[in-house]
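All of these numbers come straight from a predicted model, not from anything done at the bench.
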Amino acid sequence: MVAASPSSGLAITPQCAGHRYSCFAALPTTPDSDEEWPDVIISVTQLWPTLIICCEDPLGHVPPHSNVVRDHFAQVLSFPSATLFIRWLFMQDRGDILPRCVLLTGWRQARSCAAGIAAARGQPRQMRADDKRPALSEPLGDCAPGSTSIRAAVGYMLVRVSPGRQKQLSSRWASEGSVEGPEFYIASSDEEVAESLANLSRKMTLTVTRFRI
């Protein structure tokens, strides 16, 4: 089943925990020598990140009458609870990878999601018991278990809060260093959500250039 927002053209695909998302292995950013650079460009492709929405009502977190999701993300995955999101996350590649996902969630799910992401990054956190949660995969690349350089599928986390008490609590939570894992952002209005999603997508969008050798 796919939920659609007529105002934004957004299609949200509910996901089960068994869905596996492929992260890109980390690639070197510069060649070893000048001879490795080809001189004729064939094509340039933008690889947009994936947006993950974790809440009971995913359309309620997406700014209405905004094309930010359609214009800045390759796909949208939806999980109705932090428990299902963490099950999915634990099945994804981690370690020496390029995170390709932005998580949009609410205050109610934020702390559980952050704990799951921290655990996937090799920073054990106390989480709710879940007999169906899979074991973490071994880190890829040169990241040893327990290493602080382990990366997870989610690179950024945006928490939608209501103005007032939720915003105060989330700001205090962030300022106290309680959030470990991805970079953490707070938005309390549709405008802030749209602006933050666009900025985070730009940070994660990869430009792939094909050259003629």
Side-chain angles (χ1 to χ4, degrees), residues 1-24 44-89 91-93 97-114 116-117 120 151-163 166-167 170 174 179 181-208:
M1 179 179 68
V2 176
S5 169
S7 62
S8 65
L10 169 65
I12 299 177
T13 305
Q15 296 296 318
C16 63
H19 177 81
R20 186 171 182 82
Y21 177 84
S22 296
C23 292
F24 291 92
V44 177
T45 304
Q46 297 287 334
L47 298 180
W48 295 342
T50 290
L51 176 63
I52 299 176
I53 304 178
C54 179
C55 66
E56 295 179 359
D57 178 20
L59 292 180
H61 278 53
V62 177
H65 311 295
S66 171
N67 294 326
V68 63
V69 176
R70 185 194 66 187
D71 293 345
H72 292 277
F73 292 91
Q75 62 177 332
V76 182
L77 307 182
S78 171
F79 297 92
S81 69
T83 297
L84 293 179
F85 162 70
I86 294 172
R87 290 178 189 173
W88 172 87
L89 179 66
M91 294 184 64
Q92 310 312 306
D93 291 339
I97 64 170
L98 293 177
R100 299 296 301 141
C101 300
V102 175
L103 173 64
L104 172 62
T105 188
W107 174 242
R108 181 178 179 182
Q109 299 86 6
R111 285 168 290 187
S112 295
C113 289
I117 296 171
R151 293 186 290 268
V154 175
Y156 298 101
M157 180 174 169
L158 177 62
V159 181
R160 173 67 186 264
V161 299
S162 60
Q166 278 193 3
K167 186 173 183 179
S170 59
V179 183
E183 289 189 33
F184 176 83
Y185 297 87
I186 299 170
S188 59
S189 68
D190 289 338
E191 292 75 15
E192 289 181 0
V193 170
E195 181 179 1
S196 296
L197 287 178
N199 289 336
L200 294 177
S201 174
R202 293 187 189 100
K203 288 184 177 183
M204 299 191 74
T205 297
L206 299 177
T207 299
V208 177

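Taking CE of Met204 as the start and OG1 of Thr50 as the end, the distance is 8.5 Å to the nearest 0.5 Å. Annotation: the span from Leu103 atom CG to Phe85 atom CZ amounts to 4.5 Å, rounded to 0.5 Å. Rounded to the nearest 0.5 Å, atoms NE2 (His72) and CG (Leu51) are 12.0 Å apart. A distance of 8.0 Å separates CG in Leu200 from CD in Glu183, rounded to the nearest 0.5 Å. One distance of note links OG of Ser196 with CZ of Arg160; it measures 10.5 Å at 0.5 Å rounding. Here the straight-line distance linking atom CG of Leu77 with atom SG of Cys54 works out to 11.5 Å at 0.5 Å rounding.
Judged as a side chain to side chain donor-acceptor pair (under 3.5 Å), and not counting sequence neighbours, Tyr156 has no contacts. With sequence neighbours left out, Ile86 forms a side chain to side chain contact (heavy atoms under 4.5 Å, CB included) with Phe90, Met127, Arg133. Judged as a side chain to side chain contact (heavy atoms under 4.5 Å, CB included), and not counting sequence neighbours, the contacts of Ala120 are Leu89, Leu136, Ala152. For Asn199, the side chain to side chain donor-acceptor pair (under 3.5 Å) partners are Arg202, not counting sequence neighbours. Under the rule for a side chain to side chain donor-acceptor pair (under 3.5 Å), Thr205 has no partner lying at least two apart in sequence or in another chain. Listed by chain and number, the residues in a side chain to side chain donor-acceptor pair (under 3.5 Å) with Glu195 amount to none (sequence neighbours excluded). Every residue two or more places apart in sequence or in another chain that forms a salt bridge (Lys or Arg N to Asp or Glu O under 4.0 Å) with Arg108 is listed here: Glu56.
Salt bridge absent: Asp93 and Arg151 never bring a charged side-chain N and a carboxylate O closer than 4.0 Å.
Taking the side chain as every heavy atom from C-beta outward, Gln109 and Cys113 approach each other to under 4.5 Å. Put simply, the side chain of Val102 does not reach to within 4.5 Å of the side chain of Lys203, judged on heavy atoms. Within the 4.5 Å cutoff, side-chain heavy atoms of Trp88 are placed close to those of Ile52. Between Phe73 and Leu197, some side-chain heavy-atom pair lies under the 4.5 Å cut-off.
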Practice prompt. Under the side-chain contact (heavy atoms from CB on, under 4.5 Å) rule, what do Val154 and Gln92 come out as? Steps first, then yes or no, please.
Written response: CA-CA 10 Å; Val154 175; Gln92 310 312 306; over 6 Å; no
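Closest heavy-atom contact between Ile97 and Pro99: O-CD, 3.4 Å. Counting all heavy atoms, side chain and backbone alike, Arg70 lies closest to Trp48 at O-CZ3, 3.7 Å. Of all heavy-atom pairs between Ala187 and Leu158, the closest is CB-CD1, 3.9 Å. Residues Val68 and Ala198 approach most closely at CG2-N, 3.7 Å, considering heavy atoms.
Counted by atom type alone, Gln166 and Ser170 present zero donor-acceptor pairs between their side chains at under 3.5 Å.
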